[in-house]
Amino acid sequence: MYKAASLGLLRSTPLRSSPSSLFKPLASSRISASLVGSRSVAFVRPLGVLSGSLRYSCGSDRRSSSGSVRALIGEKPAVVDRFERNFATMAAENPFKGILTSLPKPGGGEFGKYFSLPALNDPRIDKLPYSIRILLESAIRNCDNFQVTKNDVEKIIDWENSAPKLVEIPFKPARVLLQDFTGVPAVVDLACMRDAMNKLGSDSNKINPLVPVDLVIDHSVQVDVAKSENAVQANMELEFKRNKERFAFLKWGSTAFRNMLVVPPGSGIVHQVNLEYLGRVVFNTEGLLYPDSVVGTDSHTTMIDGLGVAGWGVGGIEAEAAMLGQPMSMVLPGVVGFKLNGKLKNGVTATDLVLTVTQMLRKHGVVGKFVEFYGEGMGELSLADRATIANMSPEYGATMGFFPVDHVTLQYLKLTGRSDETVSMIESYLRANKMFVDYNEPQAERVYSSYLELDLASVEPCISGPKRPHDRVPLKEMKADWHACLDNKVGFKGFAVPKEVQDKVVKFDFDGQQAEIKHGSVVIAAITSCTNTSNPSVMLGAGLVAKKATELGLQVKPWIKTSLAPGSGVVTKYLLQSGLQDYLNKQGFNIVGYGCTTCIGNSGDLHESVGAAISENDIVASAVLSGNRNFEGRVHPLTRANYLASPPLVVAYALAGTVDIDFETEPIGVGKDGKNVYLRDIWPSSEEIAETVQSSVLPDMFKSTYEAITKGNPMWNNLTVPATSLYKWDSESTYIHEPPYFKGMTMSPPGPHGVKDAYCLLNFGDSITTDHISPAGSIHKDSPAARYLMERGVDRKDFNSYGSRRGNDEVMARGTFANIRLVNKLLNGEVGPKTVHIPTGEKLYVFDAAMKYKTEGHNTIVLAGAEYGSGSSRDWAAKGPMLLGVKAVIAKSFERIHRSNLVGMGIIPLCFKQGEDADSLGLTGHERYSIDLPTNISDIRPGQDVTVTTDNGKSFTCTVRFDTEVELAYFNHGGILPFVIRNLASSQN
């Protein structure tokens, strides 16, 4: 063992004698202290354990009523007994042990052994999408005819026929990825679960991650200081001042829980660190080779799909269960084949491409599906371009946007410091197991569920907005689109600004100089987000735009808040190497920190004079950012129009000072020679960018950057934490609070519940996002959360953000439905975080109304439209409603992760029948609702119909969205975490 607490990069000690032994039928891993300081070891001998665990579903058709879940629900001890009887011989029982094959090294010896797909001699495998082959390998490797059956393997091999039937399969990810906003509540829950185990008289040390868990602290830094050479240090000092308690808690978790790595603040953005450093591509665990795979508590975990690693976002609740060895039960997905042809035109960026792809896939409909990219155009896309497209999978709705490994992937692995031997092992394994694409060889025809095709040459410069990522606007149409938005009624593409005030100019004093803004004026311009900062071509492109503009005499207006937040220290190194950082600095794009910043709402305050000019004159001000989300209220409360753009375009719009411009015909500004300067005058060619990338992005930059983060930083290293396995809760803390989930818990499951005479807490339309449900931005001064903090002596300046206080359920319950842009039909057009208490007609904050209902003994439900819960995966968007007393959500459709999170917290998700919604059924939200569910879990089936009745005589049918047998088991236990606790507490070790 080593003293992890003293190290900058913390991975706590591996399991040696713990429940994990129950869940490792084939192999276990040991982690040496050398891993912390050795970059190569992390990839040659990765921190893997076989992520095996007791699977509580037979993997049958989701409409089937049989399966091991039924046995678990009714006869749990029998299942545990059977598990223990079979445990001793599990490894020997793998029916596919005959295909365990040696992988020779080119120079002699072997890399290890692997389960060979070609050895099955099944022609159907050759036609499988590469993404499905990863699911297949996992099932074969973990197959013991107990946890995973041969029938599960057959379903995946027969994917072409079985996927349309929505069959259920097991999947065991190799690792789990967290960021600090979602990581804090995960560690809080683990600590709370240990307490619950203790109270049930069981061993609290059974609560430990059984697969590698990587947590990157990147969501806490805010842009408090900008346009300053000292911004990074100043913002980090403020970050630590605000978050010292949270950071110390995470550092405690890394020492208290085994198999947990914590990357300190100031290191980078989780998905870029995952891409450049953490991603293994192929695991080699004690001589057993298998593909890397990951689930993460951030929806943009999909970025790793660009590296050929299967990864996607799950709810924090699901991730916690995966950490604890619970199976991932999933519906075998359809796969959309997306063929890329041709080459991007000169001057077109990867951002333009991803916004085009996003719009195409949203139109096609890919929710719950994998998207797999292929075709001759793949060779024209760099790995960073692929990662940009994969990153935005949540925006186009897919579970994954997958790019199989090819020569481009191998080149990137070498560039980013993976050793030659590791890259050789990866290539050898993937070629041998038919998971490598070689475009120099004839391509076997693969079958997909549906097909799309894009000629890369057809992609044109564009941005997206003003309120949704998939509302793409070609750059040449932007001015006309902006004026249409001003005219249109309030909606995703409208602000309803009266014609007579659309040209209003507001003059104000900015630090002693005359300033002015109008509708469309840019007040925030941020180069931010892993989506783009991981891509050298667009980052260096932004630097070239800044250089050309500076040389011509253009200057960004001083009242525009500009910032640059790279996703890793590598970006800083190549911007300095190229000499372009100086020009970005001259335009105000100084580096402000290494984290998500503006993309997640951590944009910091606007200058007081700018904020007053906007709010006092009702100006529709704009933000332009290189992010992936632009939902209303997310970027900044005062920017109602928010546009996603490539980093070079962020610089261009900052220079123009407005989105109300036609770059083709209107100048950006006037140069020092008195001549008009147009976008074309400062836009670099693709060749110019490629040459700069070639000369500026060097392998040593990656090596030195990631060697440095293992040492941490002085502020992190100076944090002291207690060496205890149980957390000592501080009742006075406003950051970390013991949640009430397990109070009064017994070993007996509570069973399923219907809903009787519930009131409607909120009545929503379409596209209510997790930002609406559980804000991550600033805490409004008049909100219930602010009231709570002030009552406990917290000054307003120290409120911090909702995201930073996710470890405190009292704050988060009050922050639920606290978005200032919330549109609730019960308020008849009024926008804001309030609702109507139906019995009295009072207009109250949502939290206050919910508490009033709870005090009166009433349950509540939520009515919603399509895409309920879209946006970032956010466990508090399910935890919060549960704490408010919401028992069910009835919607037209749900975002995938959010629906599973609702189930995980014991909330019933229901879908209106096709063609129906609250409006068509004449529901106003003033009714009382009863949902008729059987009281015996064995009488409920995944996807069955249920009847909902109201107190005014209406009756309608909904589909109950428990999609798998496993989810029914969770519901029976009151949620996924009580299910896990009871299971572990009852197991005999």
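Quick caveat, the model's predicted, so the values are computed rather than measured.
- Among residues two or more places apart in sequence or in another chain, the side chain to side chain donor-acceptor pair (under 3.5 Å) test is passed with Glu810 by Arg814.
- Partners of Thr301 under the side chain to side chain donor-acceptor pair (under 3.5 Å) rule, at least two apart in sequence or in another chain, do not exist in this structure.
- Contact record, Pro752 with Asn972: CD-OD1, 3.4 Å, taken as the closest heavy-atom pair.
- For residues 180-198, the set of pairs meeting the salt bridge (charged side-chain N to carboxylate O under 4.0 Å, His left out) definition, not counting sequence neighbours, comprises Asp180-Arg246, Asp189-Lys879.
- Between Phe249 and Tyr727, the ring center distance clears the sub-6.0 Å criterion.
- For Ala877, the side-chain contact (heavy atoms from CB on, under 4.5 Å) partners at least two apart in sequence or on another chain are Thr770, Ile773, Ser774, Arg874, His898.
- Between Arg242 and Asp798 there is no salt bridge, since no side-chain nitrogen of the basic residue lies less than 4.0 Å from a carboxylate oxygen of the acidic one.
- Heavy atoms only, all atoms of each residue included: Met328 and Val314 are closest at CE-CG1, 4.1 Å.
- With sequence neighbours left out, the side-chain contact (heavy atoms from CB on, under 4.5 Å) criterion links Met745 to Leu200, Phe742, Pro978, Ile981, Arg982.
- In the model, Thr285 has a side-chain atom that pairs as donor or acceptor with a side-chain atom of Tyr290 under 3.5 Å.
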Exercise. Is there a side-chain contact (heavy atoms from CB on, under 4.5 Å) between Ile907 and Val889 once you walk through the steps?
Worked result: CA-CA 7 Å; Ile907 295 174; Val889 178; 4.2 Å; yes
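- Within the 3.5 Å criterion, the main-chain N or O of Asp224 finds a donor-acceptor partner in the side chain of Asn235.
- With sequence neighbours left out, Trp876 forms a ring-ring contact (aromatic ring centres under 6.0 Å, His included) with no residue at all.
- Sequence neighbours left out, not one pair with a member in residues 792-815 passes ring pair (Phe, Tyr, Trp, His ring centres under 6.0 Å).
- Shown here are the side chain to side chain donor-acceptor pair (under 3.5 Å) partners of Glu967, two or more places apart in sequence or in another chain: Arg899.
- When only modelled atom types and interatomic distance are considered, Asp298 and Gln179 share a side-chain donor-acceptor pair under 3.5 Å.
- In this structure, the side-chain contact (heavy atoms from CB on, under 4.5 Å) partners of Asn859, at least two apart in sequence or on a different chain, are Ala758, Lys887.
- Here Lys199 pairs with Glu738 under the salt bridge (charged side-chain N to carboxylate O under 4.0 Å, His left out) rule; sequence neighbours left out.
- Remark: Phe847 engages no residue in a ring-ring contact (aromatic ring centres under 6.0 Å, His included) (not counting sequence neighbours).
- Under 3.5 Å, the side chains of Gln222 and Asn800 contain a donor-acceptor pair of N or O atoms.
- Under the ring-ring contact (aromatic ring centres under 6.0 Å, His included) criterion, Tyr788 pairs with no residue at all, not counting sequence neighbours.
- Checked by atom type, the side-chain pair Ser220/Glu239 shows no donor-acceptor distance below 3.5 Å.
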